[in-house]
J.: 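Handing you a structure now.
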Amino acid sequence: MRSKLIAAVVSVAALAVPGTALADGSSGGGGSGGNGQAQASEQAAATLQAAASKAAAIQNAVNANAPVNVAGGDINGGSNTANQTANNSADSSASNDASTSQSSSQNQSDPPPSDSKSGGSNSCGCGDYGSSGGSGGNGQAQASEQAALTAQLAASKAKADQNAVNGNSPHNIAGGDVYSGDNAANQTANNRASSDANNSASTSQSNDQSQYDSPSYNSKSPSHDSKSPSCGCGSYGSGGYGSGGNGQAQKSKQAALTAQAALSAAKAHQNLVNANAPVNVAGGDIYGGSNTANQTANNAASSDASNSASTSQSNNQSQTDPPSGGDSKSCGCGSFGSGGNGQAQLSQQAALTAQLAASKAKADQNLVNANTPVNIAGGDVYGGSNAANQTGNNSASSSASNSASTSQTNNQSQTLSGGSCFMGCGGNGQAQLSYQDAATLQAALSKANANQNGVNANVPVNIAGGDVYGGSNTANQTGNNSASSSADNSASTSQSNNQSQTAGPSSCYFGCGGNGQAQLSGQAALTGQLALSSAKGNQNLVNANVPVNIAGGDVYGGSNTANQTGNNSASSSADNSASTSQSNDQSQTAGSSSCYFGCGGNGQAQLSSQDAATLQAALSKANANQNLVNANVPVNIAGYDIYGGSNAANQTGNNAADSSSSNGAGTSQGGGQTQST
């Protein structure tokens, strides 16, 4: 690639020699060739970017009040009023930002040389006192090519794991009684995983081409010095037999390819235990203290993947052939069959944008708030009241989006002034060709999963021992669980083409050929979009007052007046939005002609083709599953009576699943054709 660019630069330097260096004003004889100007420009830009990021945060927090007695005396456990705060977060970000700008300007001007010796100051290959028969007209050529390739990949991953334990757990094995203190500990845990992957590309291509062929002025020729055309001309400034007209040619090509992929994943796991659980194995009685601990847990996973591409292509082509002095001839025109001027413009624009955004967020939360004294083959169990508060917030949010904006603009202008022809002269020719092609492919994939399990339990257990006196359960449990997923595609494509041709009036005597004008425009836009979104929210909440006695004494169940609130939601959205605009204006104007015998008429032709294809698919799915249990269930197996306490618990469950998919495509095509003779 580098050697190719160096060769192009050398070629440009060799070709960009001033016109005066090629034609120093000397007079050429019959059949002399006109001045030649050539410009060649080539630009190539390739940008490849890859950004990868990964963050992992792991936190284990233990706040424990756990005296242990093995084959000894009583255990008098002090109260647990410890405060535990745990903050755990993992943040990952990967981004690419590319800006490519290409600009090319080409300008050609052919002024007449100063010819003080020959009396002819034509800006072409000229003979004495003007060019002789069969002299060739001036030639101007411009070629520009621009190519930009941008490929971007951004991958990001964040993972946060948190385990928090706040325990009041005195243990006695084959010893005396266990007197457990109250558990009034506060536990706050915040766990967050955030991942972000972004790609942004801006590509701008601009090309300006201008050609101007000035008239010549013959001040020192003999009597016919008023005839000073700007082309291959005959004696005394008029075109000789069969002299060729000036030629102008412009060619422009622009190509932009942008490929983007953004992948993001966020995963947050949280496990919390807040327990008041004295244990006695083959010992005395257990006096469980009250559980009034507060437990607050926040768990969130957020993932975002986005692509943004902006492509702008602009091309301006202008050709002007003003009349020559005196005789006002804009072509190779003298007597007997001189050829007319020719103008040609070719423009091609192509833009391809491919985008993929994939995002995934997963949040798992497990909460346990327990008042659970356990006695195995020992004495009675006196369970303290459970008035603990438990709040769990769990959310998973995922977003994937693509945005592409493509603009293609082409302006072509050709102007020929009028000329005068005597016999059999060829008419001027104008040709314009424009082609625009834009293809945009977008895929957005998003998935969010939120899983929440909450247990708030007052469960004294006695196995092969004495009676169980269950304390009241007035605990409050609130669980908020949400999963939100969004996948969006947005594409905007604009194509504009303006073509204008103007030929001035001509005066012809015998058998002159008419002017010809031709315009061809082709526009094609293809947009393919796919959006997939899935949200899943699972919530399991248990608020239980369950004293259990196996092969022991009576069970006295305390009242259950606990409050349980569960909010569970799953929201999914998949959207596609595409806007395509195509505009083409063609205008042809041929001036009036004065013809005597056998003159050919002017010809005008316009051809316009517009094609727009938009393919959209939006798929959305939302699942919300909620299981709530608020239970007062004393259990006695092979023992004595069960005295169940009252159940006045309040349970509120809110469960919602929302899914939305939409496609919005707007296509506008406008074509205007005007011919005037």
J.: With rounding to the nearest 0.5 angstrom, report the OG to CG distance, S306 to D196.
T.: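 S306 atom OG to D196 atom CG measures 6.0 Å (nearest 0.5 Å).
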J.: Return the OG to CG distance between S496 and D585, rounded to the nearest 0.5 Å.
T.: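 If we round to the nearest 0.5 Å, S496:OG and D585:CG are 7.0 Å apart.
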J.: Between N576 and A617 (side chain of the first, backbone of the second, donor and acceptor by atom type, cut-off under 3.5 Å), is there such a pair?
T.: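 Side chain of N576 to backbone of A617, a donor-acceptor pair under 3.5 Å: yes, one is there.
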J.: Would you mind reporting whether N410 and Q436 have side-chain heavy atoms less than 4.5 Å apart?
T.: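 Sidechains of N410 and Q436: in contact.
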J.: With side-chain contact (heavy atoms from CB on, under 4.5 Å) as the test, would you mind laying out the steps for S407 and T409 before giving the verdict?
T.: CA-CA 7 Å; S407 175; T409 301; 4.1 Å; yes
J.: Is the closest side-chain heavy-atom distance between N198 and D304 below 4.5 Å?
T.: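 Result yes, sub-4.5 Å side-chain heavy-atom pair found.
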J.: Between S41 and Q106, does a side-chain contact (heavy atoms from CB on, under 4.5 Å) hold up when you go through it step by step?
T.: CA-CA 8 Å; S41 173; Q106 294 177 321; 3.6 Å; yes
J.: How far does CG of L445 sit from CG of L356, to the nearest 0.5 angstrom?
T.: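 One gets 6.0 Å once the value is rounded to the nearest 0.5 Å.
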J.: Let me confirm one number: the OH-CD distance from Y435 to Q523, rounded to the nearest 0.5 Å.
T.: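 One finds 10.5 Å between OH of Y435 and CD of Q523.
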J.: side-chain contact (heavy atoms from CB on, under 4.5 Å), that's the test. Do N207 and Q254 meet it? Break it down for me.
T.: CA-CA 9 Å; N207 179 59; Q254 293 173 323; 3.8 Å; yes
J.: Would the distance check show the side chain of Q260 and the main-chain N or O of S308 forming a donor-acceptor pair, the cut-off being under 3.5 Å?
T.: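 It does hold such a pair.
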J.: Taking it one step at a time, do Q313 and Q408 satisfy side chain to side chain donor-acceptor pair (under 3.5 Å)?
T.: CA-CA 5 Å; Q313 294 176 322; Q408 294 176 321; 2.9 Å; yes
J.: Without swapping roles, check the side chain of S53 against the backbone of S93 for a donor-acceptor pair under 3.5 Å.
T.: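 The answer is yes, because a donor-acceptor pair under 3.5 Å joins these two groups.
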J.: In chain order, what residues pass the side-chain hydrogen bond (donor to acceptor under 3.5 Å, both in side chains) check against Q102, with sequence neighbours excluded?
T.: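 Expected list: Q205.
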J.: So Q529 and Q442, side chain to side chain donor-acceptor pair (under 3.5 Å) or not? Walk me through it.
T.: CA-CA 5 Å; Q529 293 180 319; Q442 293 180 320; 2.9 Å; yes
J.: Is there a donor-acceptor contact under 3.5 Å from the side chain of Q412 to the main chain of S500?
T.: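 Such a contact is absent between Q412 side chain and S500 backbone.
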J.: Could you state the interatomic distance from CG (L441) to CG (L352), rounded to the nearest 0.5 Å?
T.: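 Reported value, rounded in 0.5 Å steps: 6.0 Å.
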J.: I'd like to check T311 versus T353 (side-chain heavy atoms, cut-off strictly below 4.5 Å). Are they in contact?
T.: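 A side-chain contact exists here, since the closest heavy-atom pair is under 4.5 Å.
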J.: Can you tell me which residue among Q588, Q499, Q586 is in a side chain to side chain donor-acceptor pair (under 3.5 Å) with Q673?
T.: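 With Q673 as partner, side chain to side chain donor-acceptor pair (under 3.5 Å) holds for just one option, Q586.
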J.: Listed by chain and number, what are the side-chain hydrogen bond (donor to acceptor under 3.5 Å, both in side chains) partners of T440, not counting sequence neighbours?
T.: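 T440 satisfies side-chain hydrogen bond (donor to acceptor under 3.5 Å, both in side chains) with no other residue.
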J.: Please examine the side chains of Q211 and Q250, heavy atoms only from C-beta on, and report whether any two atoms are closer than 4.5 Å.
T.: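 SC-SC contact between Q250 and Q211 confirmed.
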J.: Using a 4.5 Å cut-off on heavy atoms from C-beta on, say whether the side chain of Q43 contacts that of E145.
T.: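 Of all side-chain heavy-atom pairs linking Q43 with E145, none is under 4.5 Å.
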J.: Spell out, as yes or no, whether a donor-acceptor pair under 3.5 Å connects the side chain of N199 to the backbone of A261.
T.: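 A pair under 3.5 Å: yes.
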J.: Who pairs with D575 by side-chain hydrogen bond (donor to acceptor under 3.5 Å, both in side chains), at least two apart in sequence or on another chain?
T.: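 In terms of side-chain hydrogen bond (donor to acceptor under 3.5 Å, both in side chains), with neighbours along the sequence ignored, D575 is linked to S573, S662.
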J.: Are any non-hydrogen side-chain atoms of Q209 and S252 less than 4.5 angstrom apart?
T.: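 Of all side-chain heavy-atom pairs linking S252 with Q209, at least one is under 4.5 Å.
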J.: Report yes or no: does Q343 contribute a side-chain atom to a donor-acceptor pair with the main-chain N or O of Q248 at less than 3.5 Å?
T.: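 Checked: no pair found.
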J.: Do D437 and Q349 make a side-chain contact, defined as non-hydrogen atoms from C-beta onward lying under 4.5 Å apart?
T.: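 No, their side chains stay 4.5 Å or more apart.
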J.: Please step through side-chain contact (heavy atoms from CB on, under 4.5 Å) for the pair Q606 and Q675, ending with a clear verdict.
T.: CA-CA 9 Å; Q606 292 176 327; Q675 292 177 326; 3.5 Å; yes
J.: So Q432 and L520, do their side chains get closer than 4.5 Å, heavy atoms only?
T.: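 The answer is no, as the side chains (C-beta and beyond) never meet within the 4.5 Å cut-off.
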